[in-house]
Protein chains: 2
Amino acid sequence: MKLRHLTFRLLEVYVAVIRSGSLSEAARRLHLTQPTISLQLKRLSEAVGEPLIEFRQGHLFMTAAGEALFSACQDMLGRFEELQEQLQGLQEGRSGHFSIALVNTAQYILPRLLGPFSQAFPEVEVTVEIGNRAQMMERFQRQQDDIYIFSHPPSLEHALAARFLRNPLVVIAPAQHPLAQAKKLPLSALQQERFLLREPGSATRMLFDSWLQTHGMTLQRSIQMASNEAIRVGVAAGMGIAVISQHALPAGNQHLVELDLDTPPSESYWHFIVRREHRLAYSARNFLHFVDRHLEEHLDARYVCHDLHELLNSV
Amino acid sequence: MKLRHLTFRLLEVYVAVIRSGSLSEAARRLHLTQPTISLQLKRLSEAVGEPLIEFRQGHLFMTAAGEALFSACQDMLGRFEELQEQLQGLQEGRSGHFSIALVNTAQYILPRLLGPFSQAFPEVEVTVEIGNRAQMMERFQRQQDDIYIFSHPPSLEHALAARFLRNPLVVIAPAQHPLAQAKKLPLSALQQERFLLREPGSATRMLFDSWLQTHGMTLQRSIQMASNEAIRVGVAAGMGIAVISQHALPAGNQHLVELDLDTPPSESYWHFIVRREHRLAYSARNFLHFVDRHLEEHLDARYVCHDLHELLNSV
DNA sequence: CTTCTATATTGATAATCATCTATAAGTATT
DNA sequence: AATACTTATAGATGATTATCAATATAGAAG
């Protein structure tokens with residue numbers, strides 16, 4: 001038995017013949033002529049090296065070899081269909097895997113999108129990479145992930161970016177802070193405060209620095225901390241005040257207050273970023289589509305932006 | 001994904017590539033050139049409609065689609081090998097099915113051959129048809145079975161016959177019969193006995209009748225019974241005497257004696273018979289081979305004939 | 001015995017394929 | 001940069017295939 005030239009088509013023909021119990025009927029079903037079926041069958045039989053069917057009393061019967069083949073055909077074609085199903089799932093993004101890399105602060109947002117997505121598409125596996133901006137930039141350079149989330153997108157030469165959420169910054173202070181209840185504070189009022197800062201290079205820090213600069217201020221005292229958590233806890237404990245993303249601020253924290261400034265820190269936007277040349281995994285694409293459809297549903301509608309459409313069209 | 005022209009060969013190539021992790025290496029293993037592999041892979045990828053592999057850091061990786069395909073390939077090729085194994089089993093007669101039809105008396109012999117055969121080839125299914133000569137002749141005419149066992153083979157025009165065992169006939173009487181101990185009895189001494197006979201048409205009856213005829217005898221009294229069992233029991237119970245195949249006579253029956261005649265009934269032979277045109281099932285052929293090899297082992301060596309060889313050569 | 005229907009065969013054609021050699025182009029290791 | 005791998009592409013060839021229309025043949029039904 002030489003498998004070499006056995007084609008799935010041939011097996012399909014055979015199965016059709018057996019199922020319909022007649023060559024002509026099979027021909028009709030497959031939209032072929034009867035001689036074609038006859039020939040195919042002959043070829044198949046030659047490949048197997050045994051007669052497969054025989055006619056007795058005008059009816060078609062399988063030989064033992066024919067039955068073995070038929071059973072094998074069903075199994076193999078069944079597995080083949082399963083494969084097709086699987087591939088289709090991949091192409092429609094219903095299954096598969098993608099990875100998404102985000103800077104620390106974004107981890108307060110992404111789960112609200114990823115959670116519902118995973119429920120809707122349980123077959124999709126997602127790897128989430130989290131780190132500071134420098135680390136994520138490195139991953140971006142190396143093209144290690146399908147999707148990135150930055151608030152300040154890197155050079156758009158090799159990437160496409162789409163805003164999806166405003167990223168308002170707020171100044172937080174401990175609840176007992178003397179200025180806690182003040183209104184329309186001038187920035188200068190904070191000159192003497194001790195600031196808890198994210199590391200240089202982080203988006204929040206970059207925004208903060210430029211905010212200071214536009215107001216011609218320099219800090220007297222500051223402490224650098226690598227995580228929003230640490231800063232939040234630090235502020236609550238009275239170590240100082242800080243500027244952080246509003247999203248990193250859980251609602252109803254009794255130990256913290258937002259200071260009301262006359263010129264609040266300028267805000268930025270969260271972006272989805274994909275590499276231009278890296279063909280987006282179907283599942284990743286599907287995720288972005290999902291996000292585009294359900295942004296308002298899962299995130300604060302006041303801050304939502306709808307730029308994803310364009311990105312999805314050009315990928 | 002168009003399955004039409006997907007050939008098993010192509011899947012084999014793909015599996016070889018993945019297993020070896022390199023096109024060139026796969027080419028070497030399959031005794032092909034590298035460009036061939038490259039092209040095949042391209043074709044396969046086109047058929048699937050997705051890239052299957054990609055190279056990163058000089059190493060080959062599968063895409064998600066590639067992995068799905070690979071897994072499917074393994075399954076399908078595995079099933080294919082199983083089929084090949086099955087077909088080979090059929091061709092060697094190690095598996096499959098055949099039917100053997102025999103007249104009643106042969107059922108005392110066949111199990112001794114069929115038992116060991118079934119042990120040696122547990123995968124072979126055998127259907128045993130048993131009936132009187134008329135019934136078996138009808139089956140023979142209709143070509144319903146692979147092998148027949150007759151003591152008088154039917155017309156050899158459409159069949160081949162091979163003797164494999166002598167079929168000696170004996171005259172049995174109840175143990176208390178007045179002639180039980182007599183030596184060299186003339187046939188005429190039995191003239192007045194009541195004979196228990198098999199039905200006309202049965203081989204035993206035919207032999208018996210011709211035996212009588214050659215001695216110019218006619219029976220005074222007889223009773224017809226359709227089975228050897230019934231006759232044996234009948235004789236033991238004193239209903240009369242009978243001529244039966246020695247094989248139908250269990251050794252050491254206290255209630256029966258064999259009469260010692262000066263001219264014993266002529267004996268016949270058991271034959272295997274196969275139809276000339278009907279291609280013998282591999283398993284049936286294998287059975288005959290088995291029998292040919294193990295005749296002495298399982299049957300009384302004194303009665304064995306070795307004609308099977310010729311039959312097997314000409315089928 | 002004829003008629004129908006089903007299968008087998010023949011002959012032809014265009015497409016596809018497997019496979020080769022030769023060559024280009026891309027990487028990784030000196 | 002050079003070398004020694006790799007993979008990719010091009011062009012050629014002979015084999016194989018799928019497919020058809022037309023026709024022959026066999027088996028069943030009337």
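By convention in this document, chain letters (A, B, ...) are assigned in the order of the sequence lines, proteins followed by strands, and residues within each chain are numbered from 1.
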Measure centre to centre between the rings of F8(A) and F8(B), then say whether the value is under 6.0 Å. yes
Can you tell me how far [atom2] of [N] sits from [atom1] of [X], to the nearest Å?
X: E54(A); N: dG27(D); atom1: CD; atom2: P; answer: 14 Å
X: L23(A); N: dT25(D); atom1: CG; atom2: C1'; answer: 14 Å
X: Q34(B); N: dA22(C); atom1: CD; atom2: C1'; answer: 12 Å
X: R43(A); N: dT10(C); atom1: CZ; atom2: P; answer: 14 Å
X: L6(A); N: dT17(D); atom1: CG; atom2: C1'; answer: 13 Å
X: L39(A); N: dA12(C); atom1: CG; atom2: C1'; answer: 13 Å
X: F55(A); N: dA26(D); atom1: CZ; atom2: P; answer: 14 Å
X: L10(B); N: dC17(C); atom1: CG; atom2: P; answer: 9 Å

Is [X] close enough to [N] that one of its side-chain N or O atoms is under 4.0 Å from OP1 or OP2 there?
X: T33(A); N: dT19(D); result: no
X: K42(A); N: dT7(C); result: no
X: S38(A); N: dT7(C); result: no
X: S24(B); N: dT7(D); result: yes
X: T36(A); N: dC20(D); result: yes
X: Q40(B); N: dA18(C); result: yes
X: T7(A); N: dT17(D); result: no

Does E129(A) CD have over 12 foreign heavy atoms under 6.0 Å away? yes
Between L32(A) and L60(B), who's closer to the 5' end of DNA chain D by nearest nucleotide? L60(B)
Sidechain N-carboxylate O distance under 4.0 Å for E46(A), K42(A): no
Among dT7(C), dA22(C), dC20(C), which nucleotide has an atom closest to any side-chain atom of P35(B)? dA22(C)
Is the ring pair F140(B)/Y148(B) parallel, tilted or perpendicular, if the boundaries are 30 and 60 degrees? perpendicular
Less than 3.5 Å apart, any donor N or O on the side chain of R79(A) or S71(B) sitting next to an acceptor on the other? yes
Is any N or O donor-acceptor pair between the side chain of E25(A) and the base of dA6(C) shorter than 3.5 Å? no
